[in-house]
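Contents: one structure, followed by commentary.
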Amino acid sequence: MTPSDIRLHNTLSRSKEPLPTGPDGTVRMYVCGPTVYGPIHVGNARPFVLFSLLKRFLQHSGYRVVLASNLTDVNDKIYAAAAREGVPSAELAERYGREYVADTDRLGLGRPDVEPRVTDAIPEIVDMIARLVDRGLAYAAGGDVYFRVREFPGYGALSGRRLEEMLDTDPGPAKEHHLDFALWKGRKDGEDTFWDSPWGPGRPGWHIECSAMAHAALGTDFEIHGGGIDLVFPHHENEIAQSEGADGCRMAKLWVHNEMLELGGKMSKSDGNIVLLRDALAEWPAEVLVMFFLRSHYRSKLPYGHDALAESARAAERIRNTVRGLDRALAAPGDQLRPALARSVAEARAKFAEALADDFNTPGALAALFEAVAAVNAAVDGADRPSEGQLQSVRTELATMLDLLGLGALAAPPGDDVPADVAALVEARAAARAARDFAESDRLRDAIRDLGYEVRDTPDGQQVGPR
RNA sequence: GGCGACGUGGCGAAGUGGGAACGCUGAGGUCUGCAAAACCUCCAUGAGUCGGUUCGAUUCCGACCGUCGCCUCCA
């Protein structure tokens with residue numbers, strides 16, 4: 001894939017644009033991570049999955065990718081949660097930051113290259129605020145520092161808003177204009193995490209952290225800035241104002257926003273309609289959750305629910321069955337190259353890559369993958385099996401596609417770690433079948449099932465796997 | 001009030017100005033001792049509603065209805 005082949009939807013232009021690249025051909029991405037005042041929910045995982053996989057796809061397409069994704073570890077809700085739990089706010093943020101990393105690790109998609117914390121970026125933040133003050137784009141008022149929105153001409157470009165049309169929802173007595181937002185918040189009673197600054201003790205406002213951390217990690221004019229669509233206004237709008245105001249050049253070339261997960265309306269911590277990621281992962285394997293995300297386009301709303309997850313599990317199972325069938329065929333391959341199979345798989349691969357290149361259309365990519373799956377199943381079905389070399393190369397093709405989608409687990413060998421009690425039943429069942437004692441055979445199959453395993457009879461003998 | 005997204009078969013979900021992918025479910029069949037898996041066949045003359053543009057629209061334009069998001073913290 002060359003840059004002009006890969007296209008992504010840019011929120012700024014509301015249209016698909018060719019993938020931008022840096023001077024050295026790299027793609028730098030900054031993605032807004034969560035505020036860590038509690039365990040994250042499944043909705044928080046959507047951007048994590050999206051950008052982890054986008055990074056994979058871009059790397060596979062030959063790009064050097066740097067992915068930075070922050071953790072917000074100072075904020076009002078953290079103070080509040082810490083007060084509720086009776087622990088220092090820094091300790092609480094540190095704990096939930098760790099849990100965020102542990103929870104997302106379980107998705108098996110790797111980590112971003114950089115995961116900056118706000119509390120490690122205070123000097124950069126203070127420095128950026130000072131530059132904004134110097135340039136007349138910010139002013140101190142009563143211990144706070146505010147961004148002077150009217151002085152930034154492009155304000156509203158990302159979210160498509162005009163200053164005059166916006167409601168006066170957040171007046172604030174010290175502000176010159178109701179939309180001016182805090183860069184630095186003076187310390188209030190009970191706030192136990194704070195730093196000194198030229199404007200007095202306090203801590204950063206919500207938006208400035210991302211401007212400063214993105215700048216520190218990726219510089220200016222980086223390629224992609226991402227996050228949930230609920231961050232477009234005010235968060236990303238304000239980031240642009242701060243970064244471009246302070247640096248005098250563009251912050252990011254292209255803005256990618258994922259739509260929301262829904263659970264009777266947008267899944268949101270403040271609304272309380274959430275399912276924790278760890279709870280979802282206790283109920284479903286990681287690859288099923290990834291499949292669930294993949295089955296809809298990242299710019300579509302996605303309702304979360306048991307039925308959708310169960311369906312994702314069955315779809316994943318179809319792929320797993322195909323890989324198993326392939327491995328069974330490899331144990332007793334034929335000696336013919338099957339041109340029809342080769343053609344089908346090659347076509348599917350091309351379609352797969354095209355779909356991902358077209359605004360990361362994962363449902364389209366899955367469709368292509370399933371076409372390959374069907375072709376493989378048909379080819380492996382009969383006695384006239386493809387040659388070992390062809391089976392190997394087809395298996396590699398499938399594994400590559402699965403890996404790109406974060407579904408590598410579906411191509412993993414089933415694992416021989418069947419418990420001894422199950423193995424004993426399987427052995428007994430083999431004996432019963434040899435003796436054509438089918439009543440006993442069926443009884444043993446049920447017993448095996450009760451232990452959580454499933455046995456299938458194939459021409460090559462019994463096959464056992466987790467149910 | 002302002003801005004924006006979306007409405008496709010029983011369910012989920014893509015692409016597309018001219019044959020409506022793919023997955024799940026369902027029906028029939030093949031294989032199997034029986035299952036399971038897999039394979040074969042079938043399941044939207046119609047795409048929220050109503051208009052318009054066009055030789056032709058699900059795809060473009062408009063109106064209306066409906067769902068949702070942002071405008072306050074938010075992935």
Side-chain angles (χ1 to χ4, degrees), chain A residues 11 14 31-35 37 40-51 69 72 75-77 80 156 159-162 164-170 179 206 226-235 237 257-262 265-271 274 291-292 294-297 299-303 305 307-308 310-322 324-325 328 348 351 354-355 358 361-371 373-374 376-383 433 436-439 441-442 445-446 449 454-459 463 465 467:
Chain A
T11 306
R14 281 125 220 275
V31 179
C32 289
T35 301
Y37 64 95
I40 64 158
H41 58 74
V42 191
N44 295 304
R46 196 175 195 188
F48 186 90
V49 171
L50 166 64
F51 290 101
S69 184
T72 295
N75 135 319
D76 286 336
K77 292 192 171 175
S159 55
R161 291 154 205 263
R162 282 183 294 179
E164 317 82 64
E165 286 172 349
M166 285 189 260
L167 296 175
D168 188 349
T169 49
D170 185 21
L179 282 170
W206 176 35
I229 197 164
D230 54 343
L231 298 181
V232 170
F233 190 91
H235 187 53
E237 195 72 72
H257 291 103
N258 61 275
E259 253 295 355
M260 298 290 104
L261 228 60
E262 295 185 329
K266 169 188 166 185
M267 188 181 285
S268 153
K269 248 184 273 196
S270 24
D271 293 343
I274 62 170
M291 175 65 87
F292 166 73
L294 257 18
R295 279 160 54 90
S296 93
H297 185 87
R299 285 193 289 113
S300 297
K301 294 173 183 63
L302 177 57
D307 289 355
E311 217 177 90
S312 302
R314 284 190 291 266
E317 190 59 22
R318 175 163 166 84
I319 297 172
R320 188 172 265 135
N321 283 332
T322 296
R324 284 183 190 168
R328 219 179 312 122
K351 219 179 122 179
E354 278 166 29
D358 182 13
N361 182 350
T362 54
L366 277 178
L369 177 61
F370 278 111
E371 283 173 18
V373 158
V376 172
N377 285 340
V380 164
D381 192 47
R433 284 171 54 74
R436 300 194 66 78
D437 181 355
F438 294 121
S441 167
D442 290 348
R445 180 165 57 203
D446 290 344
R449 174 175 287 265
E454 181 182 54
V455 58
R456 295 176 187 162
D457 298 313
T458 77
Q463 186 193 326
R467 174 70 281 213

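For clarity, every value in this text was computed on a predicted model and none was experimentally measured. These values consider heavy atoms only, across backbone and side chains, with no hydrogens, waters or symmetry-generated copies. Labels below follow one simple rule: chain letters A, B, ... track the order of the sequence lines, proteins then strands, and each chain is numbered from 1.
Nucleotides B:U49 and B:G66 have their P atoms positioned 15 Å apart, rounded to a whole Å. B:G18 and B:A57: their C1' atoms are spaced 9 Å apart (whole Å). Separating the P atom of B:C6 from that of B:U59 is a span of 14 Å, rounded to the nearest Å. Comparing B:C11 with B:U25, their C1' atoms sit 7 Å apart, to the nearest whole Å. The P atoms of B:C24 and B:G7 are separated by 23 Å, rounded to the nearest whole Å. A gap of 9 Å separates the C1' atoms of B:A20 and B:G46, to the nearest Å. Comparing the C1' positions of B:G23 and B:G9 gives an interatomic distance of 13 Å, to the nearest angstrom. Straight-line distance between the C1' atoms of B:U41 and B:A47: roughly 25 Å, to the nearest whole Å.
Rounded to an integer number of Å, the gap from A:Gln463 CD to B:A36 C1' is 10 Å. Taking atom CG on A:Asp271 and atom P on B:G69, their separation rounds to 8 Å, with Å as the unit. The distance from atom CD of A:Glu262 to atom P of B:C70 is 10 Å, rounded to the nearest whole Å. Between A:Leu294 atom CG and B:A21 atom C1' the separation is 16 Å, expressed in whole Å. B:C39 atom P lies 12 Å from atom CZ of A:Arg328, rounded to whole Å. Atoms CG (A:Asp358) and P (B:A14) sit 12 Å apart, rounded to a whole Å. Nucleotide B:A21 holds its P atom 10 Å from the CD atom of A:Glu371, rounded to whole Å. A:Asp307 has its CG atom 15 Å from the C1' atom of B:G23, to the nearest Å.
Applying the salt bridge (charged side-chain N to carboxylate O under 4.0 Å, His left out) rule to A:Arg162 yields the partners A:Glu165; only residues at least two apart in sequence or on another chain are considered. Partners of A:Lys269 by side chain to side chain contact (heavy atoms under 4.5 Å, CB included), not counting sequence neighbours, listed by chain and number: A:Tyr37, A:His41, A:Asn44, A:Ile274. Residues forming a salt bridge (charged side-chain N to carboxylate O under 4.0 Å, His left out) with A:Arg449 (at least two apart in sequence, or on another chain): A:Glu454. Judged as a side chain to side chain contact (heavy atoms under 4.5 Å, CB included), and not counting sequence neighbours, the contacts of A:Arg299 are A:His9, A:Lys16, A:His297, A:Asp359. Under the salt bridge (charged side-chain N to carboxylate O under 4.0 Å, His left out) criterion, A:Asp442 pairs with A:Arg445, not counting sequence neighbours. Residues satisfying the salt bridge (charged side-chain N to carboxylate O under 4.0 Å, His left out) criterion with A:Glu262, sequence neighbours excluded, are absent altogether. Listed by chain and residue number, A:Lys351 satisfy the side chain to side chain contact (heavy atoms under 4.5 Å, CB included) test with A:Glu371 (two or more places apart in sequence, or in another chain). Among residues two or more places apart in sequence or in another chain, the ring pair (Phe, Tyr, Trp, His ring centres under 6.0 Å) test is passed with A:Phe48 by none. Every side chain to side chain contact (heavy atoms under 4.5 Å, CB included) that A:Ala313 has, sequence neighbours left out, goes to A:Trp284, A:Val288.
You'll find the side chain of A:Arg318 reaches within 4.5 Å of the side chain of A:Asn377, heavy atoms only. When side chains are defined from C-beta on, A:Arg456 counts as touching A:Asn321, because their heavy atoms get closer than 4.5 Å. The shortest distance between side-chain heavy atoms of A:Met260 and A:Arg46 does not fall below 4.5 Å.
Checking B:A75, B:C71, B:C39 against the side-chain heavy atoms of A:Lys269 singles out B:A75 as nearest.
Between A:Thr362 and B:A13 there is no side-chain N or O to OP1 or OP2 distance below 4.0 Å. For A:Lys266 and B:C70, the shortest distance from a side-chain N or O to OP1 or OP2 is below 4.0 Å.
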Inset, instruction - Summarise protein proximity over nucleotides 3-8 of chain B in one line of letters, 5' to 3': B for base, S for sugar-phosphate only, - for none, counting protein heavy atoms closer than 4.0 Å. - result: SSB---
Inset, instruction - Do nucleotides 24-35 of chain B as a string where each nucleotide becomes B, S or -: B if the base has a protein heavy atom under 4.0 Å, S if just the sugar-phosphate does, - if no protein is that close. - result: SS-------BBB
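Among the protein residues, A:Gly265 comes within range of the sugar-phosphate backbone only, with heavy atoms under 4.0 Å from sugar or phosphate atoms but none that close to a base. Nucleic acid contact for A:His257: none, since no nucleic acid atom lies under 4.0 Å from a heavy atom of the residue. The residue A:Ala308 sits apart from the nucleic acid: no heavy atom pair falls under 4.0 Å. Residue-level contact check: A:Asn377 touches the backbone only, with heavy atoms under 4.0 Å from sugar-phosphate atoms and none from bases. Counting any heavy atom pair closer than 4.0 Å across all strands shown, A:Leu261 reaches a base atom. At the heavy-atom level, A:Gly226 lies nowhere under 4.0 Å from the strands shown. Using a 4.0 Å heavy-atom distance criterion, A:Ser296 is classed as a sugar-phosphate-only contact. Across all strands, A:Pro47 comes closer than 4.0 Å to base atoms (heavy-atom distances). At the heavy-atom level, A:Glu454 lies under 4.0 Å from the strands shown only through sugar-phosphate atoms. Counting non-hydrogen atoms under 4.0 angstrom, A:Asn258 reaches a base of the nucleic acid. Contacts of A:Gly325 with the nucleic acid, taken as non-hydrogen atoms under 4.0 Å apart, are absent.
Between A:Ser159 and A:Glu237, the side chains place a donor N or O and an acceptor N or O closer than 3.5 Å (distance only, hydrogens not considered).
A donor-acceptor pair under 3.5 Å is formed between the side chain of A:Thr362 and the backbone N or O of A:Leu294.
Across the interface with RNA chain B, nearest-nucleotide mapping of A:His235 and A:Val373 shows A:Val373 to be the residue nearer the 5′ end.
Base pairing in RNA chain B gives the following stems of 3 or more Watson-Crick or G-U pairs, range against range and under 3.5 Å: B:1-7 with B:65-71, B:10-12 with B:22-24, B:26-30 with B:38-42, B:48-52 with B:60-64.
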